[in-house]
Every structure is written in structure tokens, then in C-alpha cells.
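All residue numbers refer to positions in the sequence shown, counting from 1. What you are looking at is a predicted structure, and each value in this text was computed from that prediction instead of being measured.
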Amino acid sequence: MVTIVVATTSDPASINPAYALLAMPGWLPVPAPSLLQQGIKSFANKNVRFLQHDKGIVEEDDLDRRWEEATGEAVDEVIFFSKHTAVSNRPALTVHPIGVPHLREGDVPPQGGRPGWAAPPDPRIGPWLRLLKKLAQSHNLVPEFEITLEGTHHGPITIKPTMFLEIGSTDEYWKRQDAAKVIALLVWEGLGLGGGAAVGKWGREDERNKVLLGIGGGHYAPRHMDIVMKEGVWVGHLLSGYSLPMEDPSQSKENGNTDGIGGTWRQSIKVAIEATKSAFPGGDVLAHLDHKSFKGWQKNAITAYLGELSIKIGKPNDFI
């Protein structure tokens, strides 16, 4: 099984961490002819494969499947380097799962993916977020850079456990070499390429088998972040409020009756649960709600629907 790391030359926040990673020992070119014809270069280091292309980072779909078909190597996970944009322009290093589970069939995803799809979230997301903070602190990027999760969003399409590692949030910070070095070190140490133990590999026998599925809140998931930053916590998909479209017919607000509440919120929750379960075989997926972000009728409806799906709602201490 191999891990695929992907970067694009079209984005300095993607290619600079890639160059920093490739400058570390052990990399060798391993051309995959069918992919090379499509403009995708590839390199190998132990069980890691690095892929470089020149399109937008969300534009190259199915790289996991395409690598398997081109080489016969089974892919275990996919990690993307990318820039992050934000209205605040605040410098940030972010980690997040991908998908657009709330979009309806026929919708055009604005940043890749497929309506109603979410990739399995890479189990390393929680452990690597904590490692990222340590590395950023040791390289004096904190407090200048915020270290944060993001909610599940955008493509490209993959079917293997996936995460994005991003540098934000303006051109000045996308080009920061110290930030690129920290992202490269995260992958180097996190995958055990330097000889140490890899970080964040899920195992069925893991003593802590509770997995947080975040529901509600803003894009940066502050309520969920408070828990995920604690040692030993696993995290799956994170559905921010915008990924839970709920229509508000007055007759559906009573008694937890969800039948009349339109919108794709049920689809989004179900897809996120299924993808998270597939990424954490043997895990106990618990929903963690950002209660303050919901109106009463919304919380009642979501709670009732989670019950229908046999998903328990966890309190902070349940994940620790």
C-alpha cells in the first residue's frame, strides 16, 4: 500500500512544500508512462509516491484510481498541498477532509468534486493537526499563523482516505518558505520517512476507538477544534452550517418531526457518516454538535435523524 502526495505547479502554496519535501533524502523519479503522457510527474520514497501536475489542485480527479491502474500499486491514502483563501486574509495553516455532500444532483460544484459525494476522511487529520501545531510553534510560526481545521469542502474526487494541507491566506503567505518547510516536515515526520514512527495510522485495535463527526458551526469548526486538539482524539468529517441546508416550514418544528423539513441536510449527514465509517473500520463514530449554532427546531430534527441512523451524540469527554 502506498500513500500519494499531490501538488500543482500552478500554486506556490502547493509546489513550495513539495519542493521542500523532495529536497529531503531518498526521493527517486518513478515515471508512470500513462500519467506522464497526461503531464503528471511522479517520485518515490519508501511507500510514498509524490505526484506533480500543472492544473488547479481540485481539477485532477481520481488520482488514486489512476495511480493504481498505471502502476498496479494499491493506494492507501491521498494528501494534497494547496493554498487557502479567507476573507480575513489571516495567515493560517489548515487541515481538512474533502467533499460536497450537501449538493444536489445536477448542481455544479464550484471547486471540484461531485454532488452528494465525500471522500473518506484521512484518519491522520486529528493527529496531524496536533503535530502541525507543534512543528509550527518550534519554527516560530505561532502566533502569526493560526493552526486550524476547516470544514469538509471541495474536490477533487477520490475514493481513498484523503486530506488537504493548506497555507493561507494571501499571496504573501502562500510564498512563505518557512510555512512550506513546516508543511513538508509534517508529511516527512507524519509518514515516518525520516525513520521515526508514522503518526496517526488508524488500527482496529486502537484503545481509543471513538471518532468525532462534527456537525454544525462555522467553517473553522471552533467547537470541534477544542476537542480535536486534545491528545488521542480521532476526527472524521466536519459538516459546517453551510453543508446542512435546512428549509424552515413552520409545521415541521414540533416534536422532532423531520419529515417536512426540506433541504439536503439528511443527505449530507448520511454521506458524511458513511464516508467516516469507511475510513475508520471498527471505529465508534459519534456526532459532536455545535449546539449554539442551531435553532431549536434544527437541533431537534438533526438529533432525531441521527437517532434513525443509530448514531449517538457525544459529549466532549466521550472523545478523550
Side-chain angles (χ1 to χ4, degrees), residues 92-97 99 101 118 120-134 136-137 142-143 146-153 161 163 199-244 246 256 265 268-320:
L93 303 177
T94 80
V95 186
H96 72 85
D122 195 320
R124 299 187 197 273
I125 289 173
W128 278 29
L129 177 72
R130 298 186 289 270
L131 176 58
L132 176 58
K133 185 169 185 178
K134 293 175 184 176
Q137 288 172 332
V142 176
E146 182 179 11
I147 313 302
T148 184
L149 290 169
E150 293 183 72
T152 297
H153 66 304
M163 68 172 155
V199 176
K201 187 69 175 175
W202 172 259
R204 291 174 186 268
E205 70 285 350
D206 200 283
E207 292 181 4
R208 295 186 179 181
N209 72 338
K210 302 290 192 297
V211 181
L212 183 150
L213 175 80
I215 297 181
H219 182 68
Y220 298 99
R223 297 280 195 281
H224 311 311
M225 270 280 296
D226 290 344
I227 299 172
V228 177
M229 289 306 299
K230 298 184 185 299
E231 200 62 40
V233 176
W234 301 96
V235 60
H237 275 293
L238 298 162
L239 298 178
S240 300
Y242 58 80
S243 293
L244 297 163
M246 302 180 78
W265 59 281
S268 188
I269 290 172
K270 186 176 182 181
V271 168
I273 289 171
E274 291 173 349
T276 299
K277 284 184 173 181
S278 73
F280 293 89
D284 185 10
V285 177
L286 301 179
H288 181 257
L289 272 60
D290 184 337
H291 292 280
K292 294 183 178 180
S293 70
F294 295 115
K295 297 177 181 177
W297 65 271
Q298 293 175 313
K299 184 165 65 175
N300 291 340
I302 289 171
T303 300
Y305 184 60
L306 290 170
E308 293 174 22
L309 299 176
S310 300
I311 297 294
K312 297 178 181 178
I313 297 175
K315 298 179 180 178
N317 288 338
D318 292 333
F319 300 97
I320 300 169

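Looking only at distances, no side-chain donor or acceptor of Arg223 sits under 3.5 Å from a matching main-chain atom of Gly218. Counting only distance, with no hydrogens or angles, the side chain of Ser268 and the backbone of Ser243 share a donor-acceptor pair below 3.5 Å. Under a 3.5 Å cut-off, the side chain of Thr152 and the backbone N or O of Leu238 do form a donor-acceptor pair. Between the side chain of Trp234 and the backbone N or O of Asn209 there is no donor-acceptor pair closer than 3.5 Å. Between the side chain of His224 and the backbone N or O of Gly216 there is at least one donor-acceptor pair closer than 3.5 Å. Between the side chain of Thr303 and the backbone N or O of Asn300 there is no donor-acceptor pair closer than 3.5 Å.
Side-chain contact between Lys210 and Asp318 is absent, with no heavy-atom pair separated by less than 4.5 Å. Lys277 has its side chain within reach of Ile311: a pair of non-hydrogen atoms, C-beta onward, lies under 4.5 Å apart. You'll find the side chain of Val235 stays beyond 4.5 Å of the side chain of Ile227, heavy atoms only. Phe294 has its side chain within reach of Ile215: a pair of non-hydrogen atoms, C-beta onward, lies under 4.5 Å apart. With contacts defined as side-chain heavy-atom distances shorter than 4.5 Å, the pair Lys299/Leu289 qualifies. Residues Ile147 and Met229 form no side-chain contact, since every pair of their non-hydrogen atoms from C-beta on lies 4.5 Å or further apart.
Here the shortest heavy-atom pairing between Val233 and Pro127 reads O-CD, 4.3 Å. Here the closest non-hydrogen pair linking Ala136 and Leu93 is CB-CD1, 4.2 Å. Looking at every heavy atom in both residues, Pro121 comes nearest to Gly236 through CG-CA, 3.7 Å. The heavy-atom pair separating Lys230 from Arg130 by the smallest distance is O-NH1, 3.3 Å. Pairing each heavy atom of Leu212 with each of Phe319, the nearest pair is CA-CE2, 3.5 Å. Counting all heavy atoms, side chain and backbone alike, Pro316 lies closest to His288 at CG-NE2, 4.3 Å.
Taking CG of Asp290 as the start and CG of Asp226 as the end, the distance is 9.5 Å to the nearest 0.5 Å. Within the model, atoms CG of Leu149 and NE2 of His96 stand 10.0 Å from one another, a figure rounded to the nearest 0.5 Å. Once rounded to the nearest 0.5 Å, the distance linking CD1 of Ile302 with CE of Met246 reads 4.5 Å. Atom CG of residue Leu132 and atom CD1 of residue Ile125 lie 12.5 Å apart, to the nearest 0.5 angstrom. Rounding to the nearest 0.5 Å places CD1 of Ile273 at 5.5 Å from CG of Leu306. Taking NZ of Lys201 as the reference point, atom CZ of Arg124 lies at 5.5 Å (rounded to 0.5 Å).
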Next on the checklist: side chain to side chain contact (heavy atoms under 4.5 Å, CB included) for Tyr242 and His153? Distances and angles first, verdict last.
Outcome noted: CA-CA 10 Å; Tyr242 58 80; His153 66 304; 3.9 Å; yes
